[in-house]
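Both backbone and side-chain heavy atoms feed into the values below; hydrogens, waters and symmetry mates do not.
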There are 2 protein chains.
Amino acid sequence: MSETPTGLDRVIHEPARLRLLMVLSGVDEADFKFLLSALGMTKGNLSSHVDRLAQAGYVQVLKGFNGKVTRTCYRLTERGREAIAEYWRELDAIRSMRGK
Amino acid sequence: MSETPTGLDRVIHEPARLRLLMVLSGVDEADFKFLLSALGMTKGNLSSHVDRLAQAGYVQVLKGFNGKVTRTCYRLTERGREAIAEYWRELDAIRSMRGK
DNA sequence: ACAAACCGGTCTGCACCACAAACCATTTCA
DNA sequence: TGAAATGGTTTGTGGTGCAGACCGGTTTGT
């Protein structure tokens, strides 16, 4: 016995990341500080989640400067958008799976 | 810093359990064997997930006999139905949360 | 009578991971 | 020359999803 073809992308399924992705999908790009206050999570948390999304290729990390202060921006990749769409599709399938 | 008022019920959010709940929400009751084949998970897994749902008060466990063979049935509780409805509501809120 | 298969689980071990807090490098303020 | 703020990264740990071994009982096959 094996295989769990859930289809539900675990990277996206995590509530914190799901929220993060939804925010990103509505703006062109967002920086760390903005996301921090928009999502109300700790810095470490945000950092690691964003990292996970980057590794999955769902968000692009743009490190730069604002004057002399470091500033990191994030934006959704095309791959990310597709994955999100697919995620909602899968979820809808489950949702409408009432009884057998 | 603290608080994660996600609202998303983790007991329900887990894909395996979500699927399980959706199956149950479509039938009056289902037994172990049926769920096993309907969901394609291992016995241990199904057992523990169902257990978790029972502890949360979302499903009711009905142990009985079919002749001399044990037969365990599961059915959604009212509390379970409400929790599911609330879950979908929360999820819809997140879904429509595009950019602030 | 004995073995094998089925039913409904429990228990064990592992691998992963979300989370908060500690930490670090700069920069600004006094 | 600090002290505190800014912008993150790294670390420690508890929680848990998962498969598979095991188990008591029943039924079926030979």
>> By the 4.0 Å heavy-atom rule, please label B:Y74 as base, sugar-phosphate, or nothing.
In response: sugar-phosphate
>> From the set C:dA18, D:dG17, D:dG7, return the single nucleotide nearest to any side-chain atom of A:E14.
In response: C:dA18
> Taking atom C1' of C:dT10 as reference, at what distance in whole Å does atom CE of B:M41 sit?
Replying inline: 17 Å
>> Tell me the interatomic distance from A:R52, atom CZ, to C:dC16, atom P, rounded to whole angstroms.
In response: 10 Å
> Using a cut-off of less than 4.0 Å, is there contact between a side-chain N or O of A:T42 and OP1 or OP2 of C:dA20?
Replying inline: yes
> Are any of the side-chain nitrogens in A:D9 or A:R17 under 4.0 Å away from the carboxylate oxygens of its partner?
Replying inline: no
>> C:dT27, OP1 or OP2 - any side-chain N/O from A:K68 closer than 4.0 Å?
In response: no
> Would you say A:Y74 and A:D31 make side-chain contact, with heavy atoms under 4.5 Å?
Replying inline: no
> Between C:dC19 atom C1' and A:D51 atom CG, what is the distance in whole Å?
Replying inline: 15 Å
> For the pair made of CG in B:L46 and P in C:dG8, what is the distance, rounded to whole Å?
Replying inline: 10 Å
>> Base, sugar-phosphate or nothing for A:S47? Non-hydrogen atoms, less than 4.0 Å.
In response: base
>> I want to confirm an ordering. Mapping A:G44 and B:T70 to their closest nucleotides on DNA chain C, which one lands closer to the 5' end?
In response: B:T70
> Should D:dT30 form a Watson-Crick or G-U wobble pair with both distances under 3.5 Å, which nucleotide is its partner?
Replying inline: C:dA1
>> I'd like to know if A:R89 and A:E86 make a salt bridge, using a cut-off of under 4.0 Å between side-chain N and carboxylate O.
In response: yes
> What is the distance from CZ of A:F65 to C1' of C:dT28, rounded to the nearest Å?
Replying inline: 16 Å
>> Strictly below 4.0 Å: does B:R10 bring a side-chain N or O up to OP1 or OP2 of C:dC19?
In response: yes
> Rounded to whole angstrom units, what separation is found between the CG atom of B:D9 and the C1' atom of D:dT16?
Replying inline: 15 Å
> Under a single-linkage definition using a 4.5 Å side-chain heavy-atom cutoff for Ile, Leu, Val, Met, Phe, Trp and Tyr, are A:L24 and A:V61 assigned to the same hydrophobic cluster?
Replying inline: yes
>> Taking only side-chain N and O atoms of A:H49, does any of them lie within less than 4.0 angstrom of OP1 or OP2 on C:dC17?
In response: no
>> Just the rounded figure in Å: distance from C1' of D:dT6 to NZ of A:K43.
In response: 7 Å
> D:dT26, D:dG17, C:dG8: which one has an atom nearest the side-chain heavy atoms of B:K63?
Replying inline: C:dG8
> Between C:dA18 atom P and A:H13 atom NE2, what is the distance in whole Å?
Replying inline: 11 Å
>> If hydrophobic clusters are built from ILVMFWY residues whose side chains come within less than 4.5 Å, do B:L21 and B:W88 share one?
In response: yes
>> Quick check for you: among D:dC18, D:dG7, C:dA18, whose closest atom lies nearest to any side-chain atom of B:N45?
In response: D:dC18
